[in-house]
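Structure first, then comments.
Scope of the values below: all heavy atoms of this structure, side chains included, with no hydrogens, waters or symmetry mates. Predicted, not measured: the structure shown is a model, and the values here were computed from it.
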Amino acid sequence: MAQMIPLEDYVSQVLEALSPLEASRLELGRAHGRVLAEDVTAVVPVPPWTNSAMDGYAVRAKDTTGACPQTPVVLPVSGDVPAGAAPRPLVAGTAQRIMTGAMLPKGADAVVKVEDTDQAPGPHPIPARVEIRAAASPGLNVRRAGENVAAGDPVMAAGARLSAAAISALASVGLGSVLVRPQMRVAVVSTGAELRDAGQALEPGTIPDSNSLLLAGLVAEQGAACTSVARSGDTAEALAEVLRQAAAGADLIVTSGGVSAGAFDPLTMLAQAQRGEEAPVHLDFVKVAMQPGKPQGHGWVLADGGRRVPIICLPGNPVSVLVSFTTIVAPALARLARQDAAGGAESLPGRPSLTARAAVGWRTPPGRRQHVPVRFTEAPTGSDVSSGLGDGAGLPWVTPTHRLGSGSHLVASLPAAQALAVVAAEVKTVEVGDELPLIPLSAS
């Protein structure tokens, strides 16, 4: 019987076989949702020039001294400044009508809003003169060039996901394109002659194909593109053809099912049928000391042109799929996209980043690290556990989403899961109040 290896060792095997893809430069209009591959600094200041914050009249503040409704200051209007125009310098003792966002004329140092004059707001012919009914101070209603960001200032760091607001900000600082990390193209393949389409009537012995939908959704939640979803029967020949087609448009193939020691597991049969470096499919299978998800596999599929597309083979039970994707596939996607360029393997997803306390107790599988889908809950009542918690008294509490814990078939309980509680292999029993590392789930 093959010896089990620690999860970290298996993840290292998978990552070492991957070649990160290159970043690419995209126009801003195509970059929404992508991840920056470089730090970005401002090319131009924001605002790019000193401009008006109001519709009104650009003036020299000292020319409005003493202005009030009872004793307005009357100034001749020497010009119009619409947004987008380069104004003439302001002549001392005059005013220029100016629109919000328009460039402040040289010589002006304030803007009197139209409501503080004798002029009506809205589109009207330029007046010959304007009554200023409120004294202005230097800087009144003026936006200074660069007061938000100066040219050369840092704007956004590598690793930021480009939201609509981020794209807008990048355009405002003078950029037309950005270097972004590659978006992974992932093909999903579920195996098993027993699988049926969602909603299809079930014959005896058949089950709905929930794994393909689960994997496609998990891929999208990681920011990758699911290029195809396919299903294969339980023969090596059928599976080889499905994998060949999946590899054509993918950077990674993820399969579910067929990795155990059953008599009809197609991936193991395919691995036996195709051996050697020239084989179109190369697979290695490992038993990982984790529960659920002990049987795992990885390798590559030969695509047209001789390109080797990496493949990660997950078990077939849905909870195993979720756990395996979170701890193995998510780090692989991040490595392919160069998300660990600065922080190394420690910056990859799939690692515990929170701590909580067990609100209930349960038994664990001997010799295997357990990943239990859990939800956050209230502290247990009717016990004195909290009195001995010490520094960890403020930690949140969690409970398994199903009374059977990490059973690999408990798919109907998965929507309630907010995290995976990680129980070390040497722990035999989780007690109420025990501290548990948590891996947050992407949809939590």
Side-chain angles (χ1 to χ4, degrees), residues 1-11 207 210-211 214 256-257 259-262 286-296 314-328 350-441 444:
M1 182 176 180
Q3 184 177 2
M4 293 187 295
I5 68 171
L7 175 61
E8 289 85 358
D9 292 353
Y10 178 65
V11 172
I207 59 173
S210 61
N211 280 345
L214 174 60
S256 62
V259 295
S260 297
V286 174
K287 295 187 184 301
V288 181
M290 61 188 288
Q291 193 274 331
K294 179 173 72 172
Q296 299 285 340
L314 310 182
N317 282 309
V319 181
S320 298
V321 169
L322 176 66
V323 170
S324 301
F325 187 98
T326 302
T327 57
I328 300 167
R351 295 172 180 268
S353 59
L354 300 173
T355 304
R357 291 192 176 277
V360 298
W362 66 84
R363 294 187 61 81
T364 64
R368 289 197 282 167
R369 179 183 302 170
Q370 190 183 37
H371 297 84
V372 183
V374 295
R375 57 182 175 83
F376 293 103
T377 188
E378 298 295 328
T381 58
S383 72
D384 57 356
V385 172
S386 60
S387 63
L389 296 183
D391 293 340
L395 293 175
W397 295 81
V398 293
T399 188
T401 56
H402 193 278
R403 60 181 177 80
L404 297 180
S406 57
S408 60
H409 62 295
L410 301 174
V411 61
S413 302
L414 283 184
Q418 296 172 292
L420 298 176
V422 182
V423 185
E426 63 271 17
V427 175
K428 296 181 179 179
T429 303
V430 173
E431 304 291 347
V432 175
D434 283 354
E435 291 191 20
L436 297 170
L438 297 186
I439 303 174
L441 293 175
S444 61

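Applying the side-chain hydrogen bond (donor to acceptor under 3.5 Å, both in side chains) rule to Arg375 yields no partners; only residues at least two apart in sequence or on another chain are considered. The side-chain contact (heavy atoms from CB on, under 4.5 Å) check on Ala379 picks up Trp397, with sequence neighbours excluded. Under the rule for a side-chain hydrogen bond (donor to acceptor under 3.5 Å, both in side chains), the partners of Glu8 that lie at least two apart in sequence or sit in another chain are Arg369. Under the side-chain contact (heavy atoms from CB on, under 4.5 Å) criterion, Ala425 pairs with no residue at all, not counting sequence neighbours.
Taking the side chain as every heavy atom from C-beta outward, Phe325 and Leu214 never approach each other to under 4.5 Å. Side-chain atoms of Pro373 and Leu420, non-hydrogen and from C-beta on, do get closer than 4.5 Å to each other. Looking only at side-chain heavy atoms (C-beta outward), Thr327 and Val11 stay at 4.5 Å or farther from each other. Looking only at side-chain heavy atoms (C-beta outward), Leu441 and Leu322 come within less than 4.5 Å of each other. Considering only heavy atoms from C-beta on, Gln296 comes within 4.5 Å of Pro315 through its side chain. His371 places a side-chain heavy atom less than 4.5 Å from the side chain of Leu7.
Here the shortest heavy-atom pairing between Val319 and Pro292 reads CG1-CG, 3.9 Å. Listed here is the closest heavy atom pair of Asn211 and Gly316: ND2-O, 2.5 Å. The two atoms that bring Leu438 and Ala356 nearest to each other are CD1-CB, 3.6 Å, heavy atoms only. Here the closest non-hydrogen pair linking Val321 and Ser256 is CG2-CB, 4.0 Å. Scanning all heavy atoms of the two residues, the minimum distance from Val288 to Gly293 falls at CB-O, 4.5 Å. Here the shortest heavy-atom pairing between Pro400 and Val360 reads CD-CG2, 3.5 Å.
No donor-acceptor pair under 3.5 Å is formed between the side chain of Thr399 and the backbone N or O of Ala359. Judged by distance alone, with hydrogens and angles left aside, the side-chain atoms of Gln418 form a donor-acceptor pair with the main-chain N or O of Phe376 at under 3.5 Å.
None of Met290, Lys294, Lys287 except one satisfies the side-chain contact (heavy atoms from CB on, under 4.5 Å) rule with Arg368; the exception is Lys294.
Screening residues 421-432 for salt bridge (Lys or Arg N to Asp or Glu O under 4.0 Å), with sequence neighbours left out, gives no hits.
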